[in-house]
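In this chain, residues are counted from 1 in sequence order. The basis for the numbers below is simple: all heavy atoms, side chains too, and nothing from hydrogens, waters or symmetry mates.
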Amino acid sequence: MKRNKVNRKRDKAVLIRMNESEYATLNEKLKQTGATQQAFIISAIKEAMILSVDGLRSMKDISKDFANLLRQVQGLANNVNQLAHWANQTGLVPEIEELIRISGQIEKYRKECEEIWQSIRSLTTQQKPITQCEPSFDMSSKTEKSKKAM
């Protein structure tokens, strides 16, 4: 007796091995997304962001630039704080030129932060969310066979 074979869109099976920690991580991500193992893994493969060596260098450069900019902003904040303490102690206010210079530095750092943020966003928005995948078999052929049997 010949078995009816389902017309599968996905007719290849892949076995992967994981340790307990990897398997627990997979199951946690499945709970978070609500996806099946198959949907999650296929989506991860399709949407995986693979960084070239140049892309990796760019990410490292962005990270270094951001860390450097953060140090500069922290130093600037420290300077402003010292000026505020000095103004409170002496009752004097820094000259307008000094305030304009500080304001210009703040604006420069704000623009640099915005450029770095845009670089980070452009790299991270290439990653798409996990979605449910199509069924792994063709339901139409099964439905047509059921109708013919009736």
If the condition is side-chain contact (heavy atoms from CB on, under 4.5 Å), which residues does [X] pass it with, not counting sequence neighbours?
| X | result |
| --- | --- |
| Tyr23 | Met18, Asn27, Gln37 |
| Glu20 | none |
| Ile100 | Ile96 |
| Ser103 | none |

Give every residue pair that meets the salt bridge (charged side-chain N to carboxylate O under 4.0 Å, His left out) criterion with at least one member in residues 86-101, sequence neighbours excluded.
-> Glu98-Arg101
Heavy-atom side-chain proximity of Arg10 to Ile42 below 4.5 angstrom = yes
Enumerate donor-acceptor pairs with a distance under 3.5 Å from any side-chain N or O in residues 72-85 to protein atoms, sequence neighbours excluded.
none

In sequence, state the C-alpha distance, the side-chain angles, and the governing distance for Leu30 and Thr36, and then conclude on side-chain contact (heavy atoms from CB on, under 4.5 Å).
-> CA-CA 7 Å; Leu30 292 174; Thr36 63; over 6 Å; no
Quick check for you: to the nearest 0.5 Å, what is the distance between [X] atom [atom1] and [Y] atom [atom2]?
| X | Y | atom1 | atom2 | result |
| --- | --- | --- | --- | --- |
| Asn68 | Glu112 | CG | CD | 8.0 Å |
| Leu26 | Ser21 | CG | OG | 11.0 Å |
| Leu69 | Asp65 | CG | CG | 8.5 Å |

Would a distance-only check, ignoring hydrogens and angles, find a side-chain to backbone donor-acceptor pair under 3.5 Å from Glu22 to Asn19?
-> yes
side-chain hydrogen bond (donor to acceptor under 3.5 Å, both in side chains) with Glu114: which residues, sequence neighbours excluded?
-> Gln118
Is Tyr109 atom OH crowded by more than 12 heavy atoms from other residues, nucleotides or ligands, each under 6.0 Å away?
-> yes
